Amino acid sequence: MITAAPPPSDCRMTAPADLPDEATAAAELERLAAEIARHNRLYHTEDAPEISDAEYDALMRRNAVLEAAYPQLIRADSPSRQVGAAPAGHLAKVAHARAMMSLENAFSAEEVSEFVARARRFLSLAADEPVALTAEPKIDGLSCSLRYERGQLVQALTRGDGAVGEDVTANVRTIGDIPERLSGSAPAVFEIRGEVYMAKADFVALNARLLAEAEAAGDASKARQFANPRNAAAGSLRQKDASVTASRPLRFLAHGWGEVLPAAGAIPGDTQLDVMHAIADWGVPVSDLLIRAADADAALAHYARIEAARAELPFDIDGVVYKVDRLDWQARLGAVARAPRWALAHKFPAERAQTTLERIDIQVGRTGKLTPVARLTPVTVGGVVVTNATLHNADEIERLGVRPGDRVVLQRAGDVIPQIVENLTRDAPRAPWTFPTRCPECDSDAVREEGEVDIRCTGGLICPAQRIERLRHFVSRGALDIEGLGLKQIEDFFHDGLIHGPADIFRLSEEQLLARKKDGRVWAANLLAAIEAKRAPDPARFLFGLGIRHVGSVTARDLVKAFGTVEKVAEVATRAAAEPEARAELEAVDGIGPVVAEALIDFFAEEHNRIAWADLLSQVRPMPFVSEQRDSAVSGQTLVFTGSMETLSRDEAKAQAEMLGARVAGSVSARTDLVIAGPGAGSKLKKAAELGIRVIDEAEWAAIVAAAR
DNA sequence: GTGCCTCGAGTTCT
DNA sequence: CTCGAGGCAC
């Protein structure tokens, strides 16, 4: 694709002059979504573009301008949600209708009991009320969401980051286990979630076939060999050419569901097991090891059975998944940041291996933290060759007593991140490994702050490692998520002087990119389109991307939610340097205390940051915060719960309030809008009366919650 | 003051 | 994923 010179940076400034009214804008956005989708298809799938790349970019920009002006009109199928413009060679990215969450892990029977106890507490259940769980093997494959509309398969997405997955519809259609149509009567929309995997025997046969094919082609050393069935399944599913997927023996097992429409009454059953049986009846495979266990002990017995049968199973598994069987309880339990409170993955013990620690290197993170990394003699653990493992900090090195040359025991915690668990070398007392006192990248002093474990480089922005890491953070998946702009690109651009700070990313020109790569027209156009798509970024992602200490994704979201826009957050933080009232305003936000407030104030007081901030805003217009909460009688209000609750636990009441767009405070003040008082309420109730604040009881609260559904 | 709980930051490999 | 630490309830 060919892109015109980058748009003038003031294009967003001039936009308001020719903005249509809301109804016209809605119609235009609808037309743009359809048109851009059509051009994407023509370009990527049919290789027959009808318009020039400059014209395509103009459509994308117009879409971004309208969405920035009318965030409430952003469509579910908006091109801006399709992260980048599906660069050639990659699969299109599509937002999930319901996030695909991960699961909390447990490694012992005690943790499983604790999980049930926590659910019981949250639901305020009597100690003798049984909590039935489903239990089934956790297949080691890759999660996938299959969307059926009127019984017809219309879309398949990989898990991706949970919010946005890759479109693998064409590939999934080649998998025999996955029917094109559901048999019987399914709801209007039903998303089946499950695991795409490869059986162990098929994996061995596939590797043998690939080897034989390479030999026939004359060079067996070039044969592609997969390390394990999971990688083989992932590599086979994420193919651009679906005919390759068709030649790979993939299978599928359902384990849950996502969006179901109509919302009321369409779910076929009252329990997890009912629905899984319905899915099986529709013709989609469900594990024959799925059972309902009456309680935690019965679930643990099933775990023992599955663990004993593990080697005989036709596929790899890495544990057993338990789910609270009753769907009404699942709904009440809800979810924490990225995992439901009603499901648990009970993992098998991690596989261990021995190897030699060759040396200890120091890495510099974006905050300046120096992290020691163990370089290891390569060793296979859990099907993957590991050569690096983090040692976290100086304390950890001291605890393990490791030095270069030592034999160590390695395990992959939770089957992912390798960690050194034990040092096998126990010879005479030796001089310990000493932590450097200067930054290996910029030679600034490296110091350990009072009361902290970490040692940090004091170089700040003069340290090239910190600058690069900050840039990398800015474009990372949780922040702006610019497709095609990874660590390597950022590093190259930085070293060649194309980029000094985040705003420079938006000034990259086609000429600059083309000068770096022969025949790089497609690459340059895709990269510029991906950057262009982020000129009106999500405000929380944008704030997170700034890399302010102690402000991660959740805190960033809380801040923009509280203040409405990122600009307002910056304004309050700037004023707070001199005005105690502004500081109090920051600390009034749930989850913000003195340390986080100070970090925000420091950031916006720092000269370099002020310059970078103004520079960024000359290129980018973050969108205002859009609440995904439902309207209710208490939206935007500050609530205080006091006294005891009969049908609700404290946690659950708080979760309900947040879902309705309210803030929950701990004590009654002039800022409180409503007090929900149960029996035994004392001083808070009295204070509410003094201040003339409305007080309701639990039944009235339940009515407000019910009215909002 | 103490003890959860949640969040942030850094991390592996394909 | 794990660890440390900040925030907040008790």
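If you're wondering where the values come from, they're calculated on a predicted model, not measured in any experiment. Protein chains get the first letters and strands the later ones, always in sequence-line order, with residue 1 at the start of each.
Separating the CG atom of A:Leu370 from the C1' atom of B:dT11 is a distance of 15 Å, rounded to the nearest angstrom. Nucleotide C:dC1 holds its C1' atom 13 Å from the CD atom of A:Glu111, rounded to whole Å. When rounded to the nearest whole Å, the span between CD1 of A:Ile362 and C1' of B:dG10 equals 13 Å. When rounded to the nearest whole Å, the span between CG of A:Leu400 and C1' of C:dT2 equals 14 Å. Between A:Asp361 atom CG and B:dT12 atom P the separation is 11 Å, expressed in whole Å. Separating the CG atom of A:Asp590 from the P atom of C:dC8 is a distance of 6 Å, rounded to the nearest angstrom. As rounded to whole Å, 11 Å separates atom P of B:dC5 from atom CZ of A:Arg341. Between A:Ile420 atom CD1 and C:dC3 atom P the separation is 13 Å, expressed in whole Å.
A sub-4.0 Å separation between OP1 or OP2 of C:dT2 and a side-chain N or O of A:Thr390 is absent. Contact check, A:Gln363 against B:dG10: no side-chain N or O comes under 4.0 Å of OP1 or OP2. The phosphate of B:dT11 has OP1 or OP2 within less than 4.0 Å of a side-chain N or O from A:Thr371. An OP1 or OP2 oxygen of B:dC13 is reached within less than 4.0 angstrom by a side-chain nitrogen or oxygen of A:Asn388. Between B:dA9 and A:Arg366, a contact under 4.0 Å exists linking OP1 or OP2 to a side-chain N or O.
In this structure, the side chain of A:Thr356 does not engage the main chain of A:Glu358 through any donor-acceptor pair within 3.5 Å.
Between A:Lys200 and A:Asp140, no side-chain nitrogen of the basic residue sits less than 4.0 Å from a carboxylate oxygen of the acidic one, so the salt-bridge criterion is not met. Ion pairing of A:Glu491 with A:Arg472 is absent here, as no side-chain N (NZ or NE/NH1/NH2) approaches a carboxylate O to less than 4.0 Å.
Between A:Leu586 and A:Ala573, the shortest heavy-atom contact is CD1-CA, 4.1 Å.
With distances taken from any side-chain atom of A:Val595 to the nucleotides B:dA9, B:dC7, C:dG6, the minimum falls on C:dG6. With C:dG4, B:dC13, C:dG6 as the candidates, the nucleotide lying closest to the side chain of A:Asn393 is C:dG4. With C:dG6, B:dC7, B:dC13 as the candidates, the nucleotide lying closest to the side chain of A:His550 is C:dG6. Closest approach to the A:Pro594 side chain among B:dG8, C:dG7, B:dC13 is made by C:dG7 (side chain taken as heavy atoms from C-beta onward). Minimum atom distance to the side chain of A:Val596 is reached by C:dG6, of the listed B:dA9, B:dT14, C:dG6. Comparing B:dT12, B:dG8, B:dA9 by their closest approach to the side chain of A:Arg549 singles out B:dA9.
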Next on the checklist: I'd like to know whether A:Ser236 forms a side chain to side chain donor-acceptor pair (under 3.5 Å) with A:Arg248, so could you lay out the CA-CA distance, the side-chain angles of the two residues, the decisive distance to 0.1 Å, and finally the verdict.
Outcome noted: CA-CA 6 Å; A:Ser236 300; A:Arg248 303 284 173 78; 2.9 Å; yes
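When each of A:Gly552 and A:Ala374 is assigned the nucleotide of DNA chain B bearing its nearest heavy atom, the one mapping closer to the 5' terminus is A:Gly552. Take the nearest nucleotide of DNA chain B for A:Thr555 and for A:Val364: the residue whose nucleotide is more 5' is A:Thr555.
Atom CZ of A:Arg118 has more than 12 heavy atoms from other residues, nucleotides or ligands within 6.0 Å.
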